[in-house]
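Letters A, B, ... are given to chains in the order of the sequence lines, protein chains preceding strands, and every chain is numbered from 1.
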There are 2 protein chains.
Amino acid sequence: MQLSSQLILSLEQAIQNHQIEEIKRLITQVNHADLADLLANLSFDQQLKLIEYLPHAAYVFEFLSLTEQLEIALRLPKAQLVQLISDMHSDDSTDLFKVLPLKLQHEVYTQLNTEKRQQIKQLAQYAEQSAGAIMSSDFVTLSPDLNMTQAIEQLRQQASDRETLYLIYITDEALKLLGVVSLREIILAEAHKTIAEIMSTDLVVGYVYDDQETIAQKLSHYDFIALPIIDDAQHLQGIVTYDDAMDVVQEEMIEDFLKSSAVSSSPNFSLKTAPILFLYKKRVFWLVILVFGSLLSGIGIAHFEDIIAANIVLVFFLPLLVGSGGNAGSQSATLMVRALAMGDVELKDWLKLIGRETLVALSLGGTMAFAVSILGYIRGDAMVALVLALSMMGIVLLGCLIGMSLPFILNRLKLDPASASAPLVTSICDATGVIVYLFIASIFLGQVVA
Amino acid sequence: MQLSSQLILSLEQAIQNHQIEEIKRLITQVNHADLADLLANLSFDQQLKLIEYLPHAAYVFEFLSLTEQLEIALRLPKAQLVQLISDMHSDDSTDLFKVLPLKLQHEVYTQLNTEKRQQIKQLAQYAEQSAGAIMSSDFVTLSPDLNMTQAIEQLRQQASDRETLYLIYITDEALKLLGVVSLREIILAEAHKTIAEIMSTDLVVGYVYDDQETIAQKLSHYDFIALPIIDDAQHLQGIVTYDDAMDVVQEEMIEDFLKSSAVSSSPNFSLKTAPILFLYKKRVFWLVILVFGSLLSGIGIAHFEDIIAANIVLVFFLPLLVGSGGNAGSQSATLMVRALAMGDVELKDWLKLIGRETLVALSLGGTMAFAVSILGYIRGDAMVALVLALSMMGIVLLGCLIGMSLPFILNRLKLDPASASAPLVTSICDATGVIVYLFIASIFLGQVVA
C-alpha cells in the first residue's frame, strides 16, 4: 500500500528534476484530484508539459476550479484546447465553453465534432443554477429487451466516457424514460433474465427547469448516485451525479451563510486573492442601507431627548437593552431561516410557531430582565430597575417576534428568507428597542422632569 | 414510466383501505426513502404491519431519523427488534443500538449472532463524530490474485448486504489494505486479467480517529463513492460512503451557521416539536453573556456622561455609529470564518490579510463617513459633521480588524472559529465604537462644555 500523499511528493520531485520517464510512470498512478492540485501550482510551461503527458488530461482538468481552467485554456494552443474540450464530460466542457471569450468560443466551436456541438448547444441553453445547467449528458442507456449478458456487453461498449456506469437508464428509442436499473442488480441477476424483468419502474426524477437545490435535496434524500433529469415529454435529457450534488449543497449553504451576514452572495471568490474593489462592492451596499436603518433609532432618540437630558443614566443602559433585542431577534431569525431551508417548517405552521416563540421569548426576556434590573438598582434606584425590567421583557419579546416573522414574510413575498440577515433584523429590532425603552422610561420617570 | 409520487399515493390509499394484497404488491415497487417517509407518518399498529410485509424492512428503517427509529424500536416485539438490528447495515445498527436503554441493549445483544455482536462492539468504541463512529463495516474485499470472472463470482456471493459494490478493496488475509478497484474497471477489463494487474495502489484513506468533517471533505475533494478507513497498522476497518459524507457536510454547516448566531449548536432538533425548555436552554446562555458584553458600552458611556449631557445631539447618532462598526465587523468575521473553514486561508496568511482588510475597511469607512457627515451637518453643524466622519472612519476600521482577527485568534487557541459569532463580534465592536465616538467628540466638542 502506498499513500497518495507519498506518490504526489515523488511526482513533484520528478517534475522539479525534469525526469520525464519518471513523470510519465508516476502520473498513471496518482489520482485525478491530486493531479489537478499539482497542476494548479505549476508554472505554465510545466502545466503544458504535464497536460501533454497525461493519459486523461481532460478528466484531471475537470477537477480544477473554473477560474483555473479558464486561465490555462486561454494560453493553450488552439488544437490542444479543442481536444481538451472534446474529451471533457459534457457538463464540465459546457461550463468552460460558456466562460471563454466570444471570439475564442466561435473558433473552438467550428472545430468540435457534431456530437459535441450538439451537447454544448443543448446544455448551454438552460438557466444558471437550474438542473439543466448542472446536468451531464454522458449517461448510459439500455433497451429493456436485453438479457444480462447482452447488457454487460453493451455497457462495456458505452462505458469509456460516461460519468457513471452504476445507474443505468432504460429508455425507448426516442429516449423516453421507462425505468432504471443499477449495475449491482445486473451483476446479481441470473444471466438469462431481461432488463425489463429486473428494472425498477418507480422513478424518482428531476426536471430540466428545476432549481439545482431541489435536485441536490432529492439526491441526498434518496441517497442515489445519480438522478435522471427529464423534460415535460418525459424524455431523458441528462443526469446529475452525487458529486455535483455535494458541490451544490456546499455552494447553497455558503450562499445562505453570507446572506445572513449582509454580504452579497456569490461564494466563488477567494478572500486571499479577490481584488479589493470586488470585496468593497460585495459589502458596501448592505452597510450603507443599514446606516439608514440605524437612523430610525436616532429618530426615536430625538423624540425623547428631554427625558434623556433629565436622566443621563438612561444612556448607560441604552446599548445593553437595544443590543439584547437585536441579539434575541437574530437568534430567532437564524433558527427560522434554517428551519425553512431544511423544510422543517412551512408557511402554514406560522401561527403555531408564533405561540411557541412567545413562550420562549417570555422565558428569555424574564431571565434577562432579572439580570438587568439588579444592575439598574446598583446604578440607579428601584424605579430605574423597574423601567429596565419592563423594557427588557418588551424588547426581547418584540425582537423574537420580529426575528421569527421576517423570514416568513420574505418567503411569502417570494424573496429568499436568508436575506433576513442578522444585521437587517438587528437594525429593525434596535429601532423598536429604542422606542420601547424610552417610552416606558418617559411613563415612569417623566414626572421627575415635570 | 411511473412517477414515485403516484405510487406512494396508491400505497397510502391501499393502507387506508386495508387492501393487504395491494399493499404487498405496491411496497415492492416503492423505493426505500419514500417507504420510510410513509412509515414515519403511520399509526403504530399500521407501522407494525408494514414492517412485517416489507421484504427489506431494515433498509427502509435506515432512512428514518434516529429519533423515529428509537420510537418504533422501543415498542417492537423483542424478536422483531433483534431481526431488524441484525439486518441493518453495521453503521446504522450500531447507531440505533447505542441509543437503546441499557437493559434493552443487554437483552438484544445476547440474542444477536456472533458476527453482529463483533461489529457493534467494534464500531461502538469510537468517539462521536470520528470516522470510526460513522463508518460501516459492510465493505467488499477481494484478494489480488483473482481474475475478472472469479472476481465477479466472488462479488455475487458477497454482494447482498454490502453498502456498495462499486468500490472494492483489495486486502491480504489479515485485511491489510493493498489496493482499490472499481466495479467499472472490473466490467471493462479483459476476463483473463487479475485484480493485481488492474487495481490502483495510489490509496486515499482516512483513519478511524479522523474527524468526520475531514473524511467528508476528502470524499468531496476526490469525488469518490466511498473512502476506506484504516487503523495505524493499515488494516481496513470500514468505509464511509458518499451519502454519509453528504449528511456530515450538511450537519457541520448547520452547526457553524447556528454558532454564528449565538445559538448553542446541535442541529438535530426540530423547531416545530422541540420542547420550549430545550429551546430556552439553547439560547439563554449566549444572550446573558452578551448582556454583560453590552455593559462594556455602558461603562464607556458613563465615562463621557458630561460631554453627552452638554451635547444631547450626540445620542442621536450613537446607535448609527456604533451599529455600523458592529455590522462591518460581523461581515469581516463571517467572511473569515468561511474562508478558514473552506481552507481558503491559513494562519500564516494573517499579516497579508490584515493589509488587504485595512484597505477594504478604509474604502468602506470613507463611503460611510461621507454619508453620515451630511446627516451630521443637517442635524448639527460643521463641527458635528467632522466628528461623525472621523468617528465613522475609526469605528469601521477597528470593527473590520476586530472582526477579521477574532476568528484567527480563536483558531490559534484551538477553539472553533465559528464561535466568533456575529453577536459576540458585535458586542466587542459596540463597546469599541462607543469609546472611539465619545473620545473624538470630547476632543472637538469638549471646549463647548468648558
Side-chain angles (χ1 to χ4, degrees), chain A residues 1-2 4 7 29-31 33 159 165-166 177-178 184 188 201-204 220-223 234 242-243 246 253 261 263 270-272 276 279-280 283-284 290-291 294 297-298 301-302 305 309 312 315-316 319-320 323 327 330-331 334-335 339 344-345 359-360 363-364 367 371 422-423 430, chain B residues 1-2 4 7 29-31 33 159 165-166 177-178 184 188 201-204 220-223 234 242-243 246 253 261 263 270-272 276 279-280 283-284 290-291 294 297-298 301-302 305 309 312 315-316 319-320 323 327 330-331 334-335 339 344-345 359-360 363-364 367 371 422-423 430:
Chain A
M1 180 182 129
Q2 201 166 11
S4 65
L7 267 174
Q29 292 176 41
V30 177
N31 66 61
L165 273 194
Y166 301 138
L177 192 59
L178 304 172
R184 176 189 197 127
L188 293 179
T201 52
D202 165 28
L203 290 172
V204 180
S220 151
H221 181 71
Y222 289 101
D223 288 349
Q234 306 196 336
Y242 69 95
D243 48 317
M246 199 146 16
M253 286 216 168
S261 219
V263 181
S270 157
L271 209 49
K272 219 161 60 184
I276 304 282
L279 291 174
Y280 169 80
R283 296 169 60 175
V284 72
L290 293 170
V291 163
S294 308
S297 302
I301 289 170
E305 270 179 6
I312 285 293
V315 182
F316 179 87
L320 191 160
N327 290 336
S330 71
Q331 276 188 343
T334 303
L335 288 173
D344 176 31
V345 302
L359 288 179
V360 176
S363 322
L364 291 172
T367 312
D430 280 1
Chain B
M1 177 182 131
Q2 201 166 9
S4 65
L7 267 173
Q29 292 175 42
V30 178
N31 65 61
L165 272 194
Y166 301 138
L177 192 58
L178 305 171
R184 177 190 196 126
L188 293 180
T201 52
D202 165 29
L203 290 171
V204 180
S220 152
H221 180 72
Y222 290 101
D223 288 351
Q234 306 197 336
Y242 68 97
D243 47 316
M246 198 145 18
M253 285 216 167
S261 221
V263 180
S270 156
L271 209 50
K272 219 161 63 185
I276 304 282
L279 291 175
Y280 169 79
R283 296 170 58 177
V284 72
L290 293 171
V291 162
S294 306
S297 302
I301 289 171
E305 269 179 6
I312 285 292
V315 182
F316 179 87
L320 191 161
N327 289 336
S330 71
Q331 276 189 343
T334 303
L335 288 173
D344 177 28
V345 301
L359 288 180
V360 176
S363 324
L364 291 172
T367 312
D430 280 1

Option passing side-chain contact (heavy atoms from CB on, under 4.5 Å) with A:Ile312 (candidates B:Val315, B:Ile312, B:Ile301): B:Ile312
Heavy atoms only: give me the nearest [X]-[Y] pair and the separation to one decimal.
| X | Y | answer |
| --- | --- | --- |
| B:Asp202 | A:Gln29 | CB-O, 2.7 Å |
| B:Gly298 | A:Phe316 | O-CD1, 3.0 Å |
| A:Asp243 | B:Asp223 | OD2-OD2, 3.2 Å |
| A:Ala33 | B:His221 | CB-O, 3.7 Å |
| B:Arg184 | A:Leu165 | CG-CD1, 3.6 Å |

Ring geometry between B:Tyr166 and A:Tyr166 (parallel below 30°, tilted from 30 to 60°, perpendicular above 60°): parallel
Contacting moiety of A:Asp430, where chain B heavy atoms sit under 4.5 Å: neither
Max heavy-atom pair count under 4.5 Å with chain B, selected residue of A:Asn31, A:Val30, A:Val284: A:Asn31
Which of B:Thr367, B:Leu359, B:Leu364 touches chain A most, by non-hydrogen pairs under 4.5 Å: B:Leu364
